[in-house]
Amino acid sequence: MFPYPSGAGLHVGHPLGYIATDIIARYKRLKGFNVLHPMGFDSFGLPAEQYAIQTGQHPAITTEENITTYIRQLKQIGFSYDWSREVRTSDSKYYKWTQWIFMQLFNHYYDKEANKALKIADLIEKFTKEGNKSVNAVCDEDTPVFTSEEWNAMSEFDQQSILLKYRLTYPDESVVNWCPGLGTVLANDEVKDGVSERGGFPVEQKKMKQWAMRITAYADRLIDGLNDVDWSDALKEQQRNWIGRSTGASVRFSVLTPNPQPLTPKNIEVFTTRVDTIYGVSFMVIAPELESVPFLTTPEQKEAVEEYVKWVASRSELDRMSEVKKVSGVFTGSYVINPFNDEKVPIYLADYVLAGYGTGAVMGVPSGDQRDWNFATHFNLPIIPILDAQKEMETQADNTKEGKYINSGIINGMGYKEATKTLTTYLEEKGIGKGKIQYRLRNAVFSRQRYWGEPVPVYFKHGLPYLIVESELPLELPVIDKYLPTETGEPPLGRAENWKYKGEYEYELSTMPGWAGSSWYWYRYMDAQNEQEFASQESINYWKAIDLYIGGSEHATGHLLYSRFWNKFLKDLGLVPEEEFAKKLINQGMIQGRSNFVYRVKSSVGEGKNPIFVSYHLKDQYETTSIHVDVNMVNNDILDTNAFKNWREDFVNAEFILEAGKYVCGVEVEKMSKSKYNVVNPDILVDKVGADTLRLYEMFLGPLEQAKPWNTNGIDGSFRFIKKVWRLFYDDLGNFKVKDEAPTPAELKVLHTAIKKVEEDLERYSFNTVVSTLMICVNDLGSLKCAKKAILQELVILMSPYTPHIAEELWTLLGNDAGTISYASFPKFNPGYLVEANFEYPISINGKVRANISFPTDALPADIEAGVLANEIVQKWLEGKAPKKVIVVPKRIVNVVP
RNA sequence: ACGGGCGUGGCGAAAUUGGUAGACGUACCAGACUUAGGAUCUGGCGCCGUGAGGCAUGGGGGUUCGAGUCCCUUCGCCCGUACCA
């Protein structure tokens with residue numbers, strides 16, 4: 001995943017995934033593959049704009065500077081990127097195509113019959129010929145049904161308004177997450193616990209006109225496609241939950257109110273996943289936020305209802321979440337009629353029903369749902385058992401589906417499956433409901449009231465949006481002098497002079513969200529310079545999709561979902577070949593900060609006193625204050641006291657109470673942040689120990705997927721490895737000692753054990769164990785005093801994915817041409833060199849093969865042939881040579897080449 | 001509450017399908033070479049035991065010739081979602 005180029009530069013957590021992909025890229029190249037391993041920058045975004053607001057500096061300038069830093073840092077770590085393919089989402093040559101894809105979305109609708117996106121032009125043709133009755137397409141709920149005559153008689157305005165209900169991107173008046181602190185709207189995945197993910201500002205619900213993406217059209221394919229990708233279960237499950245598909249039925253209840261008004265709804269529709277419990281309905285609950293509430297309220301209940309609605313509105317998101325268990329609600333005075341048994345059912349308001357999900361109305365079945373049971377118990381509503389297997393109705397609901405139905409009219413005596421089918425059929429026959437699939441996923445808001453993003457290639461005529469002409473792309477971001485919203489509350493683009501299409505029509509003033517540019521960028525890598533297409537068909541069909549994608553799991557319901565959506569859309573258009581854009585995904589674990597502390601003795605603070613710091617294990621003997629200390633002055637938790645004295649003016653005269661002559665610091669794992677002085681910049685490490693050591697160490701730290709605190713305590717080991725490798729080539733006096741002699745079997749064994757292990761581990765993306773293997777190999781060769789060119793040359797190739805710099809240097813020292821290390825030169829494993837491998841023979845117990853007995857080949861007495869009974873072999877072996885150890889390995893046969 | 005994952009020495013961790021648990025690295029201890037060492041090399045390093053040996057993968061139980069690995073149960077931790085009808 002490409003990075004957002006932040007002002008802080010690369011920190012030590014960033015390269016983790018990049019090192020891993022670089023290793024795989026280099027390894028695959030060694031094996032002869034053609035590898036596309038690029039890098040780019042997600043360079044539109046909020047921080048650069050916030051900075052611009054504060055300083056007046058144009059975001060393009062800050063972004064450019066940051067990217068320069070990033071590139072310098074990345075190059076320093078030695079990534080083998082093909083920089084000629086670099087992309088930047090804020091480059092107009094790039095966002096031209098982001099805008100182009102937006103236009104395609106505007107020009108397409110989702111056809112349920114074809115189960116793919118089709119051209120709006122085709123839809124118009126259908127409307128002209130046969131209206132929309134026969135059209136089975138994804139559209140807004142309120143889309144009217146019309147005939148071809150009606151369509152053809154419509155004004156341009158009305159026709160365009162209707163088409164907007166079908167387009168895959170459309171302006172929509174909807175409730176959005178408005179963040180006053182940031183002055184923009186946020187997507188659901190950008191809001192965490194009622195505050196903005198970035199900045200932590202409060203977020204409120206507000207009705208606004210916004211561009212939206214009809215991602216819900218792809219809900220099913222987004223769920224189904226998860227079966228075909230090699231992603232972690234946790235991540236797939238997260239996406240499934242986010243999409244939240246539930247299968248059930250919608251049922252329409254007719255309203256019975258003593259005081260009907262013109263705006264009183266005639267029916268209330270509910271969605272239920274348990275239509276089989278319909279005979280157990282004893283009340284209905286609707287969300288207090290629904291517009292129809294006042295029209296369902298009787299005069300007697302008016303006061304109570306208004307009070308309740310007010311109370312609900314006054315409660316913050318946090319209050320609501322913390323009081324989930326508490327039952328609250330109020331009776332409206334009105335009723336609905338259960339269409340199955342004509343029972344009169346009271347309508348209540350309660351805040352456990354969400355306005356935003358389904359229809360905002362729920363049928364209450366206390367016998368089958370715990371929340372409904374709580375509600376019914378609280379308000380003394382009847383609890384009707386509907387299954388003969390249900391029991392203990394006095395203490396809790398029973399949501400199992402076992403048993404036969406009772407008290408249930410047409411489904412009495414049936415089981416769950418049959419009942420559901422019968423009821424759904426009945427609903428559809430009578431026209432009072434239907435089988436329905438409900439999603440939690442909302443259409444994605446696609447506008448940000450911001451400057452630093454892609455302009456939307458749209459202008460407005462008579463209040464309706466029109467696309468600009470394709471040849472006019474890119475629609476470049478205009479220059480403005482201030483980055484705040486206008487005085488009238490319009491987005492910053494409202495400040496741009498002459499920001500009008502053909503000098504006449506208003507352009508869209510909001511820009512695209514951060515995820516626009518990142519939802520297709522991997523295709524641009526395939527053909528980064530193309531000016532005619534976002535990438536040529538030839539290059540797309542050659543590279544197809546991402547084979548290995550590495551990045552944080554925080555993108556589960558954002559980038560990774562939107563990218564899948566856009567990819568499926570592009571596939572529908574026949575522009576890309578694969579349904580899923582990333583076949584294999586690894587979520588790298590977050591690198592946490594590891595803070596170090598010093599402990600200042602409280603009594604040493606004050607005028608004229610020198611501050612005294614006490615070492616960690618002695619601190620309990622004093623009253624102390626713990627102070628964050630810069631981790632860059634600490635090595636293996638031992639403080640560099642001189643550096644510490646020079647760190648801050650008030651510490652110049654610091655005194656220390658040491659233990660064993662050292663100052664030991666305390667440790668805590670926290671988030672990496674400047675204020676905690678625990679941010680480790682890779683530059684410092686590269687200076688100290690070199691890029692190869694950093695790469696090696698980051699991989700050695702533990703499994704890639706695992707979150708772990710950054711800890712440089714073990715980095716010396718990786719550095720020592722590099723030095724040990726060097727000593728295989730040079731003696732203590734600095735003389736080159738490699739000789740062109742034939743390797744011994746022992747040396748070959750060491751090398752080939754390593755080749756086998758490295759290859760196996762890299763094929764299963766076990767990055768950390770490879771480092772161990774390399775270390776063992778170098779240690780063993782050191783013990784053997786091996787300085788044979790044939791061995792060392794292969795070793796160099798083997799370690800080159802991890803430590804490319806030193807490998808390249810040693811490669812040329814061995815007399816090879818620089819740069820030739822990368823071509824199909826991965827050493828071939830020869831099992832014949834594993835001369836100590838065991839032979840295994842089956843042992844039978846009670847006539848059944850239960851085990852194999854194994855022993856080393858060199859212990860094999862000469863007169864034994866394969867196939868002789870195990871017991872006999874063991875006997876002969878015992879006679880021939882005393883065994884050190886006998887290992888019995890059942891049900892396992894290893895093929896060995898002696 | 002639900003979903004996903006995890007629990008192994010002082011620490012980071014290995015153990016690919018059930019098959020010699022703790023590889024490798026750190027830290028620590030001892031020794032060698034050294035004016036010196038934050039260099040290098042050698043040896044030791046799960047726990048109990050002088051020893052032979054015994055006990056050990058959060059706890060308890062099970063399957064198996066054999067369990068860190070599979071099953072049940074329980075405790076603890078992390079991540080995600082949160083009244084989704």
Side-chain angles (χ1 to χ4, degrees), chain A residues 192-193 232-242 244-246 248 250 270-275 277 284-285 287 320-321 323-327 350-354 356-365 368-372 374-375 399 438-441 553-554 556-557 587 589-590 635-638 640 660 662 667 696-697 700-703 705-709 711-721 723-724 727 732 757 760-761 763-764 766 768-779 782-783 843 845-846 848 850-852 854 885-892 894:
Chain A
K192 293 265 142 74
D193 299 328
S232 76
D233 289 340
L235 195 114
K236 290 197 216 176
E237 203 52 33
Q238 226 173 302
Q239 289 210 345
R240 281 192 198 104
N241 290 341
W242 188 261
R245 173 164 67 186
S246 44
S250 68
V270 299
F271 173 73
T272 176
T273 52
R274 289 292 303 274
V275 69
T277 63
M284 172 168 285
V285 193
R320 249 185 102 139
M321 283 199 269
E323 291 172 20
V324 162
K325 287 269 146 59
K326 249 179 163 175
V327 177
D351 67 348
Y352 79 83
V353 174
L354 307 173
Y357 186 75
T359 55
V362 173
M363 60 185 216
V365 185
D369 182 286
Q370 191 55 44
R371 286 157 309 167
D372 294 347
N374 294 346
F375 194 81
N399 63 6
Q438 183 73 40
Y439 301 92
R440 201 188 78 110
L441 183 73
S553 59
E554 66 270 22
T557 52
N587 285 125
M590 224 216 317
N635 193 13
N636 283 344
D637 296 331
I638 308 296
D640 178 341
K662 290 167 180 171
V667 176
L696 205 60
Y697 184 63
F700 187 54
L701 219 46
E705 297 89 338
Q706 200 171 301
K708 53 208 156 225
N711 182 354
T712 44
N713 281 359
I715 203 165
D716 290 348
S718 302
F719 193 31
R720 258 172 228 151
F721 167 80
K723 290 190 278 192
K724 279 181 192 169
R727 280 199 299 274
D732 294 344
K757 196 100 205 321
E760 278 172 3
D761 287 351
E763 290 295 341
R764 66 187 174 110
S766 174
N768 53 335
T769 50
V770 174
V771 183
S772 300
T773 304
L774 292 173
M775 285 178 170
I776 293 168
C777 181
V778 168
N779 282 345
S783 307
I843 286 182
I845 299 171
N846 297 334
K848 197 170 134 197
R850 300 299 292 268
N852 293 324
S854 79
K885 208 170 195 177
V886 178
I887 312 155
V888 180
V889 187
K891 297 180 190 168
R892 189 160 182 241
V894 178

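Naming: A, B, ... by sequence-line order, numbering from 1 per chain.
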Search all heavy atoms of [X] against all heavy atoms of [Y] and return the closest pair with its distance.
X	Y	value
A:Asn711	A:Leu701	O-CD1, 4.2 Å
A:Ala350	A:Phe375	CB-CE1, 3.6 Å
A:Phe700	A:Ser772	CE1-OG, 3.6 Å
A:Asn241	A:Arg440	O-NE, 3.4 Å
A:Phe271	A:Ser246	CZ-O, 3.5 Å
A:Ser718	A:Met775	CA-CE, 4.1 Å

What does [X] touch in the nucleic acid at a heavy-atom separation under 4.0 angstrom: a base, only the sugar-phosphate, or nothing?
X	result
A:Asp732	nothing
A:Lys708	nothing
A:Glu760	base
A:Pro709	nothing

Nearest-angstrom distance, [atom1] atom, [N] to [M]:
N	M	atom1	answer
B:G59	B:U69	P	11 Å
B:U17	B:G3	P	26 Å
B:G7	B:A14	C1'	16 Å
B:A56	B:C48	C1'	11 Å
B:G10	B:C6	P	23 Å
B:C45	B:G58	P	23 Å
B:U34	B:A39	C1'	10 Å
B:C77	B:U8	C1'	15 Å

### Query
Mapping A:Asp233 and A:Arg764 to their closest nucleotides on RNA chain B, which lands nearer the 5' end?
A:Asp233

### Query
Does A:Asp372 or A:Val771 map to a spot on RNA chain B nearer the 5' end, using the closest nucleotide for each?
A:Val771

To the nearest Å, give me how far apart [atom1] ([X]) and [atom2] ([N]) are.
X	N	atom1	atom2	answer
A:Arg727	B:A39	CZ	C1'	9 Å
A:Gln239	B:U81	CD	P	13 Å
A:Gln370	B:C2	CD	P	12 Å
A:Asp716	B:U26	CG	C1'	9 Å
A:Phe719	B:U40	CZ	C1'	14 Å
A:Tyr697	B:C11	OH	C1'	10 Å
A:Asp761	B:A14	CG	P	11 Å
A:Leu441	B:U81	CG	C1'	15 Å

### Message
Can you tell me whether the base of B:G49 sits syn or anti, using the 90° cut around 0 to define syn?
### Response
anti

So does [X] get a side-chain nitrogen or oxygen closer than 4.0 Å to the phosphate oxygens (OP1/OP2) of [N]?
X	N	value
A:Arg240	B:C2	no
A:Lys723	B:U40	yes
A:Ser246	B:A85	yes
A:Asn779	B:G25	yes
A:Tyr357	B:A85	yes
A:Arg245	B:C84	no

Of the listed nucleotides [options], the one nearest the side chain of [X]:
X	options	answer
A:Val353	B:A39, B:A85, B:A23	B:A85
A:Asp351	B:A14, B:C83, B:A39	B:C83
A:Asn768	B:G25, B:G80, B:A14	B:A14
A:Arg720	B:A27, B:G3, B:C24	B:A27
A:Phe700	B:A39, B:C83, B:G25	B:G25
A:Ser772	B:C84, B:C24, B:A85	B:C24
A:Lys757	B:U40, B:C24, B:U16	B:U16
A:Leu354	B:C83, B:U26, B:A23	B:C83
A:Gln706	B:A39, B:A13, B:C41	B:A13
A:Pro703	B:A14, B:G80, B:G4	B:A14

Nucleotide paired to [N] in any strand shown, Watson-Crick or G-U, under 3.5 Å:
N	result
B:G3	B:C79
B:U69	none
B:G43	B:C29

#### Entry: Flag, side chain of A:Ser232 to backbone of A:Leu235, donor-acceptor distance under 3.5 Å
yes

### Message
Whether A:Lys757 and A:Glu760 form a salt bridge (side-chain N of Lys/Arg under 4.0 Å from carboxylate O of Asp/Glu) is what I want to check.
### Response
no

### Summary
Result for side-chain contact (heavy atoms from CB on, under 4.5 Å) between A:Met363 and one of A:Val285, A:Asp372, A:Thr277 points to A:Thr277

